[in-house]
Undergrad: 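Okay, handing you the structure first.
Here is how names work: the chains are called A, B, and so on, in the same order as the sequence lines, proteins then strands, and each is numbered from 1.
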Amino acid sequence: MLGCICRCFSISSTYQILSGIAPALDQHRRLMADTGKIASSPLKDPPAMTAETVTETARERYNAAERERHWQSVWEQRETFKASTKNKGPKCYVLEMFPYPSGRIHMGHVRNYALGDVFARHKRSKGFNVLHPMGWDAFGMPAENAAMEKKTHPGKWTYENIAAMKRQLKSMGLSLDWSREFATCDVAYYHQQQRLFLAMYAKGLAYQGVGKVNWDPVDQTVLANEQVIDGRGWRSGAVVEQREMPSWYFRITKYADELLEALNTLDRWPEKVRVMQANWIGRSEGLLMKYQLSGATLPKPKKWSELEVFTTRADTIFGGSFCALSPGHPLTFELAKKNKALQAFIEECGRGGTSAEDLAKAEKLGFDTGIMAAHPLIPDQQIPVYVANFVLMGYGTGAIFGCPAHDQRDYDFAAKYGLKITAVVIPTDENPATYHLPGKSYDGPGAIANSGFLDGMSIDAAKAEVATQLEALKKGKRRTMYRLRDWGLSRQRYWGCPIPIIHCDDCGVQAVPDDQLPVKLPEDVTFDVPGNPLARHPTWKHCACPKCGKPAVRETETMDTFVDSSWYFARFTAPNAATPTDLKSAKYWLPVDQYIGGIEHAILHLLYSRFFARAMIATKHMPSSIKEPFGGLFTQGMVTHETYKSRNGAWLLPGEVRFEGEGDVRRGFEIANGAAVEIGQIEKMSKSKKNLVDPDDIIASYGADCARWFVLSDSPPDRDVIWTEAGVAGASRFIQRVWRLTEESADRAAPVKSPRPATFDAEAIELRRSAHKALNKVAVSIEALRFNVAVAQIYEFASAIQAALPKSGAGHAWALREAAEFLVHMVGPMMPHLGEECWARLGYNTLLADQRWPTVEQALLVDDTITIAVQVNGKRRDELTIARTAANADVEAAALKLEAVVRAMEGKPIRKVIVVPQRIVNVVV
RNA sequence: GCCUUUGUGGCGGAACGGUAGACGCGGCAGACUCAAAAUCUGCUACUCGCAAGGGUGUGGGGGUUCGAGUCCCUCCAGGGGCACCA
């Protein structure tokens, strides 16, 4: 690739940016004057060129790296992409998930932002008023880790990373409105976030409660679930303890039903994500019911005389053979006070792995309390009460009734402890008298049996009957349960948004008054010992109680960084507002019309943002018209690459390997020492596997357009794309091809704004047809985010222009100009720098970015004659070219005359002929 | 285990229930060249056949239909999510 540079002409060293865009012909002239430079090239002497020969022989290659900088600076100076509510056209808010400022962008970013940029640029060209902002999700642990390792301040580290990544993003040529940029660690941003928090606190949407947390005893901090690996802290390796600690929560469960129901309105979200969220919220309809307890071991106070359980299978109540309490149930604790063996059992349940896999494999364990429970509808039927390890305190009431016949967990438990297993739901095709369970529980459909007055009912009818009866007896209540828990937002960390709360011994929990906001992070902190730097800071937490004025202490916890990203999309609509949002701007821009990001955020970030939108409406920081924050969601696939391993087992970077051969005989060798390299699996680009390609390197050697074009080609955007050198080279070739086609077209085409000729010959019409068809398909594909299909259309159309170039005839020059301009329009959203360059080369001194997408002439989208397939008995035998408007009878007659059709009919009589106009003929014999 | 996706040439992938394999990569051949590179033009699912022309093909099996990659049932394989949620 680098070999071609010797033939790249320097075409813009004297190019005038300030005067706008110099006509490309000027470049051409300057180019001619530069030929001397080329002759002195040390590598090879190109043939001497004159203005005449250059057109026909060696045209200059497009120098991407150099031209891209130029167009980026033009866009910047003209503020081309600055959004305003005052601009014309319907609004369109395009947003990609903002990055964490790790310091360098990776190919995943390139793909994400290229996808969004194509969409945003296309919408602009269609006349929309586009908002396309960018910012930084800048709080988080990596900054603290870096501070520990590099003895620096998390803020310094973060802002340096932001500067480096901003430069990289700018080199991609994204149509971003940088004037709205902010980082979530900016005081101005987290100031408003503290206001939001306090508004939610005032409404009861944020509260302090006690809950279980993962506590790392070595690092002295709470860990998020993701930071617990195989029951150990990811940093310290210490066994993580479950601790009850006071924590701050958002009352997301208040909106559980709304968040679930509204999923149905998100018709521009992937089904997959909606299903994942629905499962996460996990609504189930059931019945709360009360069992009367008795037995010598039962504590005397009346509150223990009843046990409330939750079930979704009230229809199986007659099959219940035991009740089970969670080890965390209050009655369990009460009983354990006088029972050493039970204490030991509870401890045993607390051990064991916390990973999902461990839990699934864990054996069912039970402890017989000696207490008996009375069936709420048949009081003389008594069943034993156990404490069981598989009953969760966090769901329902922390107690269940077990029906072994129709629940596998209960079945396992009953089998182990010798409890009765009675089938009460009989599959429809079985005889209740002879039916036996197949050695496991049965949870399919059927009719109720062995259940007294419920016998013969359907499952649903029995559920309803039991609920009605228990409600009448005041022993039951219909209830909807959710799997969703309130969102614990406390983190014992420094680099996050301080929770603006003050604890006073006398007055209790106090909100920091608005005039004392923001609660700023102290600068002078140390990271040399584990624990929360805010908690051990000598002065920061000490303050006066806002109510009584006595000494008090600040909350030293900071907010989960997911809080920061739960409302940033709203802040972008008015990034400098003195309140969290400006309602007018928010109402104009929101919801986000197209949101693009990784599937890994399918649940948490997207659910939290949906909650925040509702909480912000409740606290009047969001117009009530905004029901959902993201109207359209697109989840893009990953960027993957081959992996390479040296003979000693070390991973190698792609740049450390050279290759010989292709396909089956392709071999890799270590450049450093020539040793053979093992070519491994294609995997997600990752630091650990070293299968990384640095966007900076690609942009420097091939240009941003090339990187963009590559990640948009071939693979559908929602699937993984495999990064290959060959693919990059292919993309690079196409860039040169578009440039060459534009040059050659510009030379042969009619001048800018030539009047449309009165007549076109057949070939000119053909070219126009393909131009309008391609333009239409590309627009449709881009709007459907099917960029790989758009790319294929563009390739196809480029070939059509290539074929048409040498033609002449009536209207040809005009049609060629139209075609070349269309090609530039199509390429523009994907390769914007090349687009501008070609636009200038076609003779314009305006910006392509400011041009409207051309209007398609509908008449050119349909052909006069069409070719349709002719089948005999559903098998294609021939094809028929006929006038598009031909009558069915004529089509049928013509089809039946085809030799191949006659032959395939083998002289049999025709039973039926199906003619689908403009599609197909099928002869049935 | 449950939910959810995906399965099409050597590869990435196209295809409102209507000519399967668009387009790209790779490969083969040709043009240009002293030669190479670059570029351009063809061909390229498998299979029988010299050809003309057949046959088979979208993970397997069944079904609906004049017609199925596409719809339905079922099985297999890969990816993702949830995972003792009563």
Undergrad: A/Glu879 side chain: which of B/rC82, B/rA86, B/rU19 is closest?
TA: B/rU19

Undergrad: Does A/Arg740 put a side-chain nitrogen or oxygen below 4.0 Å from OP1 or OP2 of B/rC40?
TA: yes

Undergrad: Taking only side-chain nitrogens and oxygens of A/Gln802, does any of them come within less than 4.0 Å of OP1 or OP2 of B/rC40?
TA: yes

Undergrad: Using purine N1 to pyrimidine N3 plus N6-O4 or O6-N4 for Watson-Crick, or N1-O2 and O6-N3 for G-U wobble, both under 3.5 Å, which nucleotide pairs with B/rA77?
TA: B/rU6

Undergrad: Is the base of B/rG26 syn or anti, where syn means the angle lies within 90° of 0?
TA: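 Because its glycosidic torsion lies more than 90° from 0, B/rG26 adopts the anti conformation.
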
Undergrad: Sticking with atom C1', work out how far B/rG27 lies from B/rC72, rounded to a whole angstrom.
TA: 41 Å

Undergrad: For B/rG18 and B/rG67, measure between their C1' atoms and round to the nearest Å.
TA: 7 Å

Undergrad: Expressed in whole Å, how much space separates the P atoms belonging to B/rA86 and B/rU6?
TA: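 Looking at atom P only, B/rA86 and B/rU6 are 27 Å apart.
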
Undergrad: For A/Thr253 and A/Asp486, does a side-chain donor sit closer than 3.5 Å to a side-chain acceptor?
TA: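 A/Asp486 and A/Thr253 do have a side-chain donor-acceptor pair below 3.5 Å.
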
Undergrad: Given that A/Val921 and A/Glu796 both sit by RNA chain B, which one's nearest nucleotide is further toward the 5' end?
TA: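 First, find each residue's nearest nucleotide; the 5'-ward one identifies A/Val921.
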
Undergrad: A/Val391 side chain: which of B/rG67, B/rC84, B/rA86 is closest?
TA: B/rA86

Undergrad: Sort out the partner of B/rC82 for me: Watson-Crick or G-U wobble, both distances under 3.5 Å, none otherwise.
TA: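 Answer to the pairing question: B/rG1, which forms a Watson-Crick or G-U pair with B/rC82.
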
Undergrad: Distance check needed: B/rC23 P versus A/Lys777 NZ, whole Å only.
TA: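 After rounding, the gap between these two atoms is 11 Å.
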
Undergrad: Just compare B/rC82, B/rC84, B/rU19 and give me whichever is closest to any side-chain atom of A/Phe390.
TA: B/rC84

Undergrad: According to the Watson-Crick and G-U wobble definitions, with both distances under 3.5 Å, which nucleotide is paired to B/rG26?
TA: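 Paired with B/rU44.
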
Undergrad: With a 4.0 Å cutoff (strictly under), does any side-chain N or O of A/Tyr795 reach OP1 or OP2 of B/rG24?
TA: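 Answer no for this pair, as no side-chain N or O of A/Tyr795 is under 4.0 Å from OP1 or OP2.
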
Undergrad: Return the pairing partner of B/rA31 with a 3.5 Å limit on both distances, Watson-Crick or G-U wobble; otherwise return none.
TA: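 The answer is B/rU39, by the H-bond criterion.
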
Undergrad: Verify whether one side chain among A/Thr640 and A/Glu683 offers a donor that lies under 3.5 Å from an acceptor in the other.
TA: no

Undergrad: Expressed in whole Å, how much space separates the P atoms belonging to B/rG80 and B/rU64?
TA: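 Comparing P positions in B/rG80 and B/rU64 gives a spacing of 37 Å.
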
Undergrad: At under 4.0 Å between heavy atoms, how does the protein contact nucleotides 2-12 of chain B? Give one character per nucleotide, 5' to 3', with B, S or -.
TA: -SS-SS----B

Undergrad: What's the closest nucleotide to the A/Tyr395 side chain, out of B/rC84, B/rA38, B/rA86?
TA: B/rA86

Undergrad: Given side-chain hydrogen bond (donor to acceptor under 3.5 Å, both in side chains), test A/Tyr395 with A/Ser284 step by step and report yes or no.
TA: CA-CA 11 Å; A/Tyr395 188 79; A/Ser284 49; 2.6 Å; yes

Undergrad: Measuring only the C1' atom in each nucleotide, how far is B/rA31 from B/rA36? A whole number of Å is fine.
TA: 15 Å

Undergrad: Please state whether the phosphate of B/rA86, meaning OP1 or OP2, lies under 4.0 angstrom from any side-chain nitrogen or oxygen of A/Arg483.
TA: no

Undergrad: Mark yes when over 12 heavy atoms from residues, nucleotides or ligands other than A/Lys684 sit less than 6.0 Å from its NZ; otherwise mark no.
TA: no

Undergrad: The side chain of A/Ser284 is closest to which nucleotide in this list: B/rA15, B/rA20, B/rA86?
TA: B/rA86

Undergrad: Send over the distance from A/Leu805 CG to B/rU39 P, rounded to a whole Å.
TA: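 These atoms are roughly 16 Å apart.
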
Undergrad: Considering only the C1' atoms, how many Å lie between B/rU58 and B/rG7, rounded to the nearest integer?
TA: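 Straight-line distance between the two C1' atoms is 9 Å.
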
Undergrad: Rounded off to whole Å, could you give me the OH-to-C1' distance for the A/Tyr411 and B/rA86 pair?
TA: 18 Å

Undergrad: Determine, for A/Phe413 and A/Lys364, whether the Lys NZ or Arg CZ falls below 6.0 Å from the six-membered ring centre while staying within 45 degrees of the axis.
TA: no

Undergrad: By nearest atom, which of the nucleotides B/rC40, B/rG54, B/rC25 is closest to the A/Arg877 side chain?
TA: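 Out of B/rC40, B/rG54, B/rC25, the nucleotide with an atom closest to A/Arg877's side chain is B/rG54.
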
Undergrad: So, is A/Arg903 close to the B/rG54 phosphate, meaning a side-chain N or O under 4.0 Å from OP1 or OP2?
TA: yes

Undergrad: Between A/Ile794 (CD1) and B/rG24 (P), how many Å, whole number?
TA: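 Going from CD1 in A/Ile794 over to P in B/rG24 covers 12 Å.
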
Undergrad: Side chains of A/Thr643 and A/Gln681: any donor to acceptor distance under 3.5 Å?
TA: no

Undergrad: Using the P atom as the point on both nucleotides, what is the distance between B/rC73 and B/rG79, in whole Å?
TA: 24 Å

Undergrad: Please give the distance between the C1' atoms of B/rG24 and B/rG9 as a whole number of Å.
TA: 14 Å

Undergrad: Of A/Leu392 and A/Ala803, whose closest RNA chain B nucleotide lies nearer the 5' terminus?
TA: A/Ala803

Undergrad: Counting Watson-Crick and G-U wobble pairs only, both distances under 3.5 Å, name the nucleotide matched with B/rA51, or none.
TA: none

Undergrad: Using atom CG of A/Asn788 as one end and atom P of B/rC23 as the other, report the distance to the nearest whole Å.
TA: 14 Å

Undergrad: Using only side-chain N and O atoms of A/Lys875, determine if any of them is under 4.0 Å from OP1 or OP2 of B/rU56.
TA: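 Yes, because at least one side-chain N or O of A/Lys875 sits under 4.0 Å from OP1 or OP2 of B/rU56.
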
Undergrad: Which nucleotide sits closest to the side chain of A/Met276: B/rA14, B/rC66, B/rG81?
TA: B/rG81

Undergrad: In this structure, are over 12 heavy atoms from other groups packed under 6.0 Å from A/Lys475 atom NZ?
TA: yes

Undergrad: Expressed in angstrom and rounded to an integer, what is the separation of A/His601 atom NE2 from B/rG80 atom P?
TA: 17 Å

